[in-house]
Amino acid sequence: MKIEITSKIIDITPAIRERIESRFEKLERLQVPLITPHVIVSKERLMFIVEASAGIPNGKLFAQAEHEDMYAAITELGQKLERQLNRHIEKPIARRAAASTKEVVPQVDEADA
């Protein structure tokens, strides 16, 4: 998969690129195709800010993470994207489960009472 990585101020080293690609490989294991993933790395004062967006069938993922350590921010970003993707995968199952647990309450007609 081709991941577009852009940066403001910071040079993208091979180690940073490898860390980002490894996080997205973990997301690919969930068997949901990621469409045009894009990562933006920036730095404001002492904090590194990493943003990512990726399209998925019937939706879009977006996450942002801030941390003093860039690698920790990338890890946090990957975890946020993974949670969103899991929620997207489990959504139809949760809806079916919620629909099946509804109880039918018999209505009492006042004329019969």
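Note: hydrogens, waters and symmetry copies are ignored here, and every other heavy atom, side chains too, is used.
The pair Lys80-Glu76 meets the salt-bridge criterion, since a charged nitrogen lies less than 4.0 angstrom from a carboxylate oxygen.
With rounding to the nearest 0.5 Å, the separation of NE2 in His38 from OG1 in Thr6 is 3.0 Å. Remark: Leu34 CG to Leu85 CG distance equals 6.5 Å, nearest 0.5 Å. Considering CD1 of Ile5 and CD1 of Ile20, their distance stands at 4.0 Å, rounded to 0.5 Å. Atom CD of residue Glu68 and atom CZ of residue Phe48 lie 10.0 Å apart, to the nearest 0.5 angstrom.
Between Ala52 and Val39, the shortest heavy-atom distance links the atoms CB-CG2, 4.1 Å.
Partners of Arg19 by side chain to side chain donor-acceptor pair (under 3.5 Å), not counting sequence neighbours, listed by chain and number: Thr75.
At a threshold of 4.5 Å between non-hydrogen side-chain atoms, the residues Ile74 and Arg23 count as touching.
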Under the side-chain contact (heavy atoms from CB on, under 4.5 Å) criterion, do Thr36 and Glu4 qualify, and how do the steps go?
-> CA-CA 8 Å; Thr36 62; Glu4 185 178 341; over 6 Å; no

Given Leu81 and Phe24, is the side-chain contact (heavy atoms from CB on, under 4.5 Å) satisfied, shown in steps?
-> CA-CA 9 Å; Leu81 288 172; Phe24 274 89; 4.0 Å; yes

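Both Met70 and Ile12 sit in one connected hydrophobic cluster of ILVMFWY residues. Membership requires side-chain heavy atoms under 4.5 Å apart, directly or through other members.
Here the side chain of Gln84 pairs a donor or acceptor atom with the backbone of Phe62 at under 3.5 angstrom.
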